[in-house]
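Along the sequence shown, the residues carry numbers beginning at 1. Predicted model only: the values in this text are computed from it and were never measured. Just follow the structure's listing: the first ligand is 1, and inside any ligand the first atom is 1.
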Amino acid sequence: MPGSRIVSDVVCPFCGCLCDDLVIHMKDGVIAQNEQGCAISKSKFLNHLKDRIESPQIRTGESLTDVDLETAISHSVDLLSKAKRPLVYGLSSVENDAHREAYKISEILGAVVDNTSSVCHGPTILGTQVSGEAAGSLSEVKNRADLVIYWGSNPQFAHPRHTSRFIRTPGEFIKDYRKDRRIWVFDIRKSITANIADKFIKIEPGRDLEVLSSLRAVVRGHEIDVSDVAGIPIQKIKELADTMKKAKYGILFFGLGLTQSHGRHHNVDAAIRLVQDLNSYTKWNMMSMRGHYNVAGANKTLTWTTGYPFAVDFSRGYPRYQPGEYTAVDLLARGEVDVLLNIGADPAAHFPKDAVEYMRKIPVINIDPKRNLTSLLAEVNIPSAIAGIECDGAAVRMDGLPLYLKKMIAPPEGVLPDRDILKMIFNGLLEVLP
Ligand code: SF4
C-alpha cells in the first residue's frame, strides 16, 4: 500500500504480555518503525519478511519441491485421511479462529490435539485443576500490588516490557512505585531480573517445593525444626513469610523455573496453596508467565470446545483428556502417531531427541510463516500469514484478557491466514472421508 500512515494501539503478537500500545509507522507499504515495542517486538515487526517459507512445498526424496497451494492442500488431505492415529499440535502462535478450524479437523479425523502448554505451563494447569486458581488481571496488579514476586521466571529477558508496563510504573494506589512497591526474585541463579529486584532469594536447584512448603508452614504458624531450607536460613524464611502476610496486595508471578523443575505440578500446587493461605490474612494473587503470545488462548479455546485445555484425544468420537498419555512429546517418543499436523510451532527445535527422531519417520505437515527446524524435516510445508501483522484475529493475554490483533499489511502474494489454510484442509477431508 503506497503512502505513509501511523497506526496506534497495535497489539504485539510475540509474547504473553500482548502489549497493546505499539505505534507502527508504515512507509511506502512497508513497516518502517515500531514505537514502544521491546527489542523482540521491533525485530519481529521490522523483519517479518525475513526467513519466510516462500512457497508451499512437498518433499521428494531428500529435497523439498515448490508446488502450488492446492497441491500442498490435497497432499495434506491425502496424508491425514489415510492416517490411523494423527496428531495435531502447536497452536500457541496462531490466533483463535485458527484454533477452531484445527479442532474441527481433529474431531473429524478422530485425532489427538495438543498445544505447546504441554511442554511449558501444563503443570500449572494440572496444579490449578487440583487446587483452584487465585486469578486477577495485570491492571489490578499495576494499580494495587505492593509486593511482587517473580519465581523461576526472568521477564527482563523473556517478557521485556512486563516489568516496565505493570510493575515499575505508578498505579492508582501505588503512587511512587520505587517506594511503595517491592520486587522479590526467587531463582536458582541471579538472573537479569534479579539485578533489578529489591531482594533476590537464591534456592538450591530442584528444591522450590521445600521452600514453598516451608513458607506455607510458617504462614500457618508452625515451627520448622531445621536451620535452613534449600540454602535459605530459617530465620530468613520467617521474615519473608511475615512480610508476605503484611503486604496489602501481593502477586506471585511464576515461570518455567517452577513448572519444569523437580516437582513440576506439585510445585504449582504448593504455590497455589501458599497464596490461598496468604489470602486468610491479606489479598494475594498469582499468575503464570505465559511465553507464546496465544498459548493462554489455545488453552481457553480448547477448553471452550472440548472441556479440556490440552492433550485431548478424539479417537473414540468424543474428547478424552490425559496428560502424559495424549501429550505430543509422549506420543511421538513412544512412536504412537503416524502423521503430525504442526501449526505455528517448532517441535523439532524444542522436543527431546527421541521425539524428534520419530518425527523424521512420519509425514509432518507444517503450517508456519517462517523456515525453522521443523520445516526442514517436513513432508509438506504451507506458508501462512503472521497474525497481528499480516492478518487480524484474537488472542488471549497471560491474565486471560482477550485482545484483538490488527492487520497492518498484506501478506506475501498467495499466502493465507492459518484459519483459511486449515479450512481448506477441513473441506478437503469432508470430501474424502467416509
Ligand atoms: S514484552 Fe512481549 S508483547 Fe510486549 S512488546 Fe515485547 S515481545 Fe511484544
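Judged by a 6.0 Å distance limit and a 45° cone about the ring axis, Lys245 is positioned over the six-membered ring of Tyr281.
A 4.5 Å side-chain heavy-atom check between Leu340 and Met359 finds at least one atom pair inside the cut-off. Tyr103 has its side chain out of reach of Thr306: every pair of non-hydrogen atoms, C-beta onward, lies at least 4.5 Å apart.
Listed by number with element, the atoms of ligand 1 under 4.0 angstrom from any heavy atom of Leu18 are 3 (S).
Between Asp269 and Arg273 there is a salt bridge, since a side-chain N of the basic residue sits under 4.0 Å from a carboxylate O of the acidic one.
Residue Asp392 is tested with Arg419, Lys407, Lys406 for a salt bridge (Lys or Arg N to Asp or Glu O under 4.0 Å); the sole match is Arg419.
Protein atoms that are N, O or S and lie under 2.8 Å from atom 6 (Fe) of ligand 1 are these: Cys38 SG.
Aromatic pair His162/Phe253: centroids less than 6.0 angstrom apart.
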